[in-house]
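Proteins come first, then strands; the chains are lettered A, B, ... in the order of their sequence lines, and each starts at number 1.
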Amino acid sequence: MIGFVESLRLWFAPGRVREEGETPDYRFSLANERTFLAWVRTALALVGGGFAVDQFLPDLRWGWRVTLALALLAVGALCALRAVNHWVRCELAMRRGEDLPVSRFPALLGLAVGVVALAMVVIVLFGWAD
Amino acid sequence: MSGADHSAGTPSEASTHVRDPGLQPERTLLAWRRTTLSCTVAALLAGKQALHGGASTLGLTAAGLSLLLWLAFMTVAHRRMRALASPRPDLMRRTTALGAVACTVGLAVFAVAVVR
């Protein structure tokens with residue numbers, strides 16, 4: 001969490017990153033940017049999934065539908081915020097010549113998506129009610 | 001958008017640099033392109049959602065809002081893609097990353113508001 005607060009400060013203080021360490025090869029920065037974009041696409045897909053659940057499963061009970069949609073939307077928003085945080089931290093690590101930050105976020109996201117998918121299968125199989 | 005001030009080399013070095021054999025700028029540009037496509041899909045779903053209950057004032061406002069978010073994302077992406085057209089592009093700016101993420105989070109927040 002302390003790392004998160006530190007990088008949150010860095011989000012809003014451009015130029016502070018440049019004071020640290022030395023500029024890495026621009027290709028590494030571009031690779032970091034592509035990773036960031038891949039996470040943004042993941043976030044957009046989750047948000048789109050939230051919209052889709054709400055629109056394309058109209059026969060589902062209201063509670064289930066809204067819960068699933070909100071879960072997907074929340075994970076999508078979290079994923080987007082985490083994308084920019086991770087990008088900043090990777091950029092800093094590269095400048096300082098440190099190891100790249102490790103994170104359990106991908107594993108947690110994978111689990112969450114798996115749980116939502118499973119819930120959807122169960123709900124679609126058994127939950128077509130009233 | 002000045003190209004040389006924070007890239008590694010001097011301006012003359014940058015201009016004589018032919019191209020990156022790994023085509024990193026092009027790959028990054030295409031990653032932005034894919035991301036704009038994802039954003040378009042999400043924004044279309046948002047617009048459909050907003051107009052779901054007919055063209056009421058609220059629905060039209062919501063649709064306009066998602067259109068605005070989409071346009072903002074396209075502007076951010078377009079500016080970055082122009083910068084990536086140079087053989088040795090600058091580091092992505094903080095505002096670019098925050099702008100793209102703000103649009104994504106905005107779509108999610110908007111979705112929460114119109115979920116029914």
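- Each of B:Thr104, B:Leu84, B:Thr96, B:Leu107 has some count of heavy-atom pairs under 4.5 Å with chain A, and the biggest count is that of B:Thr104.
- Contacts of B:Val112 with chain A are made by both backbone and side-chain atoms, with heavy-atom separations under 4.5 Å.
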Check against side chain to side chain donor-acceptor pair (under 3.5 Å), B:Thr35 and A:Arg41: CA-CA 6 Å; B:Thr35 313; A:Arg41 282 197 297 281; 3.0 Å; yes
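- With a 4.5 angstrom heavy-atom cutoff, B:Leu37 does not touch chain A via any of its atoms.
- Looking at A:Leu37, both its backbone and its side chain come within 4.5 Å of chain B, counting heavy atoms on both sides.
- Looking only at atom types and distance, the side chain of A:Thr35 has no donor-acceptor partner in the side chain of A:Trp87 under 3.5 Å away.
- When only modelled atom types and interatomic distance are considered, B:Thr28 and A:Arg34 share a side-chain donor-acceptor pair under 3.5 Å.
- When A:Val47, A:Leu44, A:Val40 are compared by the number of non-hydrogen pairs under 4.5 Å with chain B, A:Leu44 comes out ahead.
- Side chains of A:Ser103 and A:Arg82: a donor on one and an acceptor on the other come within 3.5 Å.
- For the residue pair A:Thr23 and A:Arg95, a side-chain donor N or O sits within less than 3.5 Å of a side-chain acceptor on the partner.
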Residues A:Glu22, A:Arg96; criterion salt bridge (Lys or Arg N to Asp or Glu O under 4.0 Å); working and verdict: CA-CA 7 Å; A:Glu22 20 188 280; A:Arg96 292 174 181 158; over 6 Å; no
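- When heavy atoms are compared at a cutoff of 4.5 Å, A:Ala43 approaches chain B by way of both its backbone and its side chain.
- If you tally non-hydrogen atom pairs under 4.5 Å between each of B:Ala46, B:Ala100, B:Cys103 and chain A, the highest count goes to B:Ala46.
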